[in-house]
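In what follows, a single structure is set out as structure tokens and then discussed.
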Amino acid sequence: MKVGYVQTSPIFGEKHKNFEQVYKFIGKTKADLIILPELFATGYTFISKNEAIALSEKKDGDTSQFLIELARKTGAIVVAGFAEKDGDHIYNSSLIVSDDEVVGIYRKIHLYYKEKLWFSSGNKPLKTYDLKGVKIGIMICFDWFFPETIRSLALLGADIIAHPANLVLPYCQRAMTNHCLVNRVFAVTSNRIGNEVRGEDNFTFTGGSQITSFNGDVLSSAPPDKVYVDFVEIDVTHARNKNINKYNNIIEDRRTEFYFLK
Ligand code: ACM
């Protein structure tokens, strides 16, 4: 399957310009799976809860309409971050869209820094989406810091992890090589670039979007400071074989009776 990412440079609060940016870079590309960054349409650095509420949307808002159109044009399953409004709560979420409809929403469970001031943390279990013969798991940015996230998705049978991100720390890209290796899953980390100086905060996003293979190889690595698009062909059946030799299976060999999870 052909999987890839669009590494954008969102303009804070300018949803339609940010949609245009994605269209411009995707061009006439056809693919099977496209990942866009976390909060790709709104920008990241909110300065108040009211501002985050004002930019949030229900699951049938402009962002999901845009993603449905993108899925239609490219033929791809699309996973992308958005600020989700649901009743009195807003979540840092990702939509997964395929064949003219929203098939699911993942709400980020590990909120980073001031996200805790605006967003409610995810309130739904991790799950995988079985689409077009592939099992896709979703996590958002800082979720990577908790190895339980990818492990849970791997235990649920994920072949590939869709990972919209707005990374500001320098560690994720190299950590993903290990996370993918020890879980034998593929991952597409779609990060953004640029700088947002808002309120007391000054974030420089680290780019370096990455497609990581089931064996820890880096199949695609974007520059730290340029908008960038890339796609690679992967064979997801590799992720279904958890044997690393005749005697070791990385799932069956776990000794859960000796682990401390609390
Ligand atoms: C992050 O989770 N956006 C750093």
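Order of appearance sets the numbers: ligands from 1, and atoms from 1 within every ligand. Sequence positions, counted from 1, serve as the residue numbers for this chain.
- Ring geometry for His238 against Phe186 counts as tilted: the plane angle lies between 30° and 60°, on a 0 to 90° scale.
- Side-chain contact between Phe145 and Leu169 is present, with heavy atoms from C-beta onward closer than 4.5 Å.
- Judged by a 6.0 Å distance limit and a 45° cone about the ring axis, Lys73 is positioned over the six-membered ring of Tyr23.
- Under a 4.0 angstrom heavy-atom cut-off, Leu167 registers as lying outside contact with ligand 1.
- Close approach of ligand 1 to Tyr112 (heavy-atom distance below 4.0 Å) involves ligand atoms 1 (C), 2 (O), 4 (C).
- Aromatic ring pairs are classed by plane angle as parallel below 30°, tilted from 30° to 60° and perpendicular above 60°; the pair Phe46 and Phe12 is perpendicular.
- Those atoms of ligand 1 that come under 4.0 Å of a heavy atom in Tyr44, given as number and element, are 1 (C), 3 (N).
- Both the backbone and the side chain of Phe142 come within 4.0 Å of ligand 1, judged by heavy-atom distances.
- With a heavy-atom cut-off of 4.0 Å, Tyr113 does not touch ligand 1 at all.
- The closest side-chain donor-acceptor pair between Asp235 and Thr237 falls under 3.5 angstrom.
- Cation-pi contact between Arg254 and Tyr259: absent, since separation from the ring centre below 6.0 Å together with deviation from the ring axis within 45° is not met.
- Taking each of His110, Arg192, Glu38 in turn, the one with a heavy atom nearest to atom 3 (N) of ligand 1 proves to be Glu38.
- Closest to atom 1 (C) of ligand 1 by heavy atom, among Cys141, Pro37, Ala165, is Cys141.
- Between Tyr91 and Phe119, the ring centre distance reaches or exceeds 6.0 Å.
- Heavy-atom proximity to Glu115, at under 4.0 Å, picks out these atoms of ligand 1: 1 (C), 2 (O), 3 (N).
- Atom 2 (O) of ligand 1 has as its closest protein heavy atom Lys108 NZ, 2.7 Å.
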